[in-house]
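Below, read A as the first sequence line, B as the second, and so on, with proteins coming before strands; counting in each chain starts at 1.
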Protein chains: 2
Amino acid sequence: MNGRRPFPNPQALRVFLCVAQEGSVGRAALSLGMTQPGVSQHLQALETQIGQALFHRQGRRLVLTKTGQDLLPQARRVVQALEEFVQAAQALERLERGRVEIGAATTMAVYVLPRYLTEFKRLYPEIRIKLESGSSERLTQRLLQGELELAVVEAVEHLEGFERQLFYEDELVVIVPPEHPWARKEEIAPEQLAEVPLIVREPGAMTFRVLGSALEQAGLEVNPIFYTDNHEVTKRLVLEGAGVGIVSSVVVRPNVRVGNLRALRLKGLELRRLFWLFYPKELGNPAAEALKNTLLS
Amino acid sequence: MNGRRPFPNPQALRVFLCVAQEGSVGRAALSLGMTQPGVSQHLQALETQIGQALFHRQGRRLVLTKTGQDLLPQARRVVQALEEFVQAAQALERLERGRVEIGAATTMAVYVLPRYLTEFKRLYPEIRIKLESGSSERLTQRLLQGELELAVVEAVEHLEGFERQLFYEDELVVIVPPEHPWARKEEIAPEQLAEVPLIVREPGAMTFRVLGSALEQAGLEVNPIFYTDNHEVTKRLVLEGAGVGIVSSVVVRPNVRVGNLRALRLKGLELRRLFWLFYPKELGNPAAEALKNTLLS
DNA sequence: CATTTTTTATAATATCTACTTATGAATGGA
DNA sequence: TCCATTCATAAGTAGATATTATAAAAAATG
């Protein structure tokens, strides 16, 4: 069996409505932009399908039967529901509605994304955004499973079916309180880290891993005295004089600086972290497309 | 241009809903009673039509995109409206709903139809009946124009596209009050009508015309002193002693008799009136069909 | 009352749609 | 690595949906 139609053709319903309104097959055809025989055929098809006459044909006159009158409102509801469907789809396309779910590595989510999201909200006030922060691994996973449409994470590798663009170039810096002996320096030698109490993020965090591998390549070893799960905690501890911190540079940028923390580079070490925006090759959701563009503009 | 489709195919919407619910193309196909490629094609067609992805294909996994989630309720409404349409049509067919409009010559409407309509109401309590009374000519007109589906009228002639069955055989009778000299008779000679004050219906009414033509054929002439537009008025006048009435026999049948009116036949005159039930050859409205059967049973 | 005009229905036909089966490709588990 | 499962694609077919052309019937007109 093929070409079968389990329920009435909405085009026929539309024809039905139009003929009922216009009171004439010919005028309905005109109004619907089709030819008159097509209208006749649709009407007949609908009538045989429901097994009842919708119109009374007395010569050229067409009068709704009682059945026709009774079915008119139901037919109207169908057509209206269909129109609302396409309107909803168009509204999504025109960004008058919609949702995006984006994931971002915690550091980005806290220190960088807010300003973009604010801008996006200004451009498309009706679109709902859900921001999920977490580890790059977890977010990458969620992206692959289609539960996120965009993700700002550190590149693990190329992801099949996805594209990426560089979003943010970060580096790790050493932070010290203003009264610290290093406070006036621009940079210090990595070896000096062994002489001070170190405050870093917990071993699981990417921040820590970047640091660890860099120091390892340099043949150095450090003994942190504090592990934190939060850059803000690190900053506080450093300000209190508990030690020297190592954090992403974004957390001491002008607008997020706390107190008079000083930031220094580690001489000769490459501590850069690259954050990429990942997105499916065909992301298909106009709202996600728009957010992507905002993020990359 | 042909085969065009101005708005989405509801079958595709149904597929969309089912895939979203089942979470799998294959299972949706099974549940919809079609093969898997058909489902895939419907989904793709819908997606290209609205220009957005509804599902995220990560390998074999299918996850609703945000767009898909947003459009799900609208799609559901369309399918539901369609189902309600067919249900409404079926309800009409099963006589669980519906309307009939029947016309009947005044005499029939007042004295005969009520008991049939009561019976019909008992059989099909949900069906609304509208009874229109009036002259046979007017009702025939309305029937031809499709504004009535059934009509109990006196036969004018054969109506093209309509059928008829004898519904009621009536005759005109003379009525007199119980104290009248004729009260004990079964019938009287037509000539005697000239000797008494006559009360008849107005010249426009069929009752009058039947009488007139019968008397004319018999070469008689009468001079009514009262014209009424209502058999009840005639009966009252006769009872009060105002004269002798000529009415349809139905109006003095046992259950509609007022007082002790006596009815007499006119000897040698054929004063029968035949009331026919007229209906379109294909009346297409199950409710009308049912009422027709009740009337003829 | 015959003729013309208007309007709907039918016929023949072409294209597009909506299925089918057969097959390929990719994923996930053993 | 192989196998099973699942979705996508290809090719083919019956049916649906439109078209144009034409007939038939009813109203309008002279």
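- The side chain of Pro37(B) has dA8(D) as its nearest neighbour among dC7(D), dA9(C), dA8(D).
- Taking atom CE of residue Met34(A) and atom C1' of nucleotide dA16(D), one finds them 12 Å apart after rounding to whole Å.
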Side chain to side chain contact (heavy atoms under 4.5 Å, CB included) between Tyr124(A) and Leu291(A), intermediate numbers included: CA-CA 9 Å; Tyr124(A) 310 106; Leu291(A) 178 54; over 6 Å; no
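- Inspection of the Ser40(B) and Gln36(B) side chains reveals an N or O donor paired with an N or O acceptor under 3.5 Å.
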When Watson-Crick pairs (N1 to N3 and N6-O4 or O6-N4) and G-U wobble pairs (N1-O2 and O6-N3) count only below 3.5 Å on both distances, what is the dot-bracket string of DNA chain C, with | for other-strand pairs? ||||||||||||||||||||||||||||||
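- With rounding to whole Å, Glu22(B) atom CD is found 18 Å from dT5(D) atom P.
- Under the ring pair (Phe, Tyr, Trp, His ring centres under 6.0 Å) test applied with Phe167(B), the options Tyr116(B), Trp276(B), Phe278(B) reduce to a single match, Tyr116(B).
- Within the 4.0 Å cut-off from OP1 or OP2 of dA8(D), at least one side-chain nitrogen or oxygen of Ser40(B) is found.
- Between Ala89(B) and Leu71(A), the closest heavy-atom pair is N-CD2, 3.7 Å.
- Here Gly38(B) lies in heavy-atom contact (under 4.0 Å) with a base.
- A sub-4.0 Å separation between OP1 or OP2 of dT19(D) and a side-chain N or O of Thr35(A) is present.
- Between Leu296(B) and Leu166(B), the closest heavy-atom pair is CD2-O, 4.3 Å.
- Contact annotation: His42(B) reaches the phosphate of dC19(C) (side-chain N/O to OP1 or OP2, under 4.0 Å).
- A donor N or O paired with an acceptor N or O is found under 3.5 Å between the base of dT20(C) and the side-chain atoms of Gln41(B).
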Take Gln165(B) and Tyr279(B) through the side chain to side chain contact (heavy atoms under 4.5 Å, CB included) test and state the conclusion after the steps. CA-CA 9 Å; Gln165(B) 291 208 36; Tyr279(B) 46 91; 3.3 Å; yes
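- Atom-to-atom, CD of Gln11(B) to P of dG15(D) comes out at 17 Å; the value is rounded to the nearest Å.
- Whole-Å rounding puts the Phe55(B) CZ to dA8(D) P distance at 10 Å.
- Atom P of nucleotide dA18(C) and atom CG of Leu13(B) are separated by 11 Å, given to the nearest angstrom.
- Considering only side-chain N and O atoms, Gln36(B) lies nowhere under 4.0 angstrom from the phosphate OP1 or OP2 of dT9(D).
- Residue Leu139(B) comes nearest to Ala105(B) through the heavy atom pair CD1-N, 3.5 Å, listed as atom of the first residue, atom of the second, then distance.
- Close to dT8(C), at under 4.0 Å from its OP1 or OP2, lies no side-chain N or O of Arg57(A).
- Looking at every heavy atom in both residues, Glu169(A) comes nearest to Leu274(A) through CG-CD2, 3.4 Å.
- Considering only side-chain N and O atoms, Asn9(B) lies nowhere under 4.0 angstrom from the phosphate OP1 or OP2 of dT17(C).
- Leu30(B) places its CG atom 11 Å from the P atom of dT6(D), with the value rounded to the nearest Å.
- Arg14(A) places its CZ atom 14 Å from the P atom of dT17(D), with the value rounded to the nearest Å.
- Between Gln44(B) and the phosphate of dC7(D), there is no side-chain N or O to OP1/OP2 separation shorter than 4.0 Å.
- Taking atom CG on Leu43(B) and atom C1' on dC19(C), their separation rounds to 15 Å, with Å as the unit.
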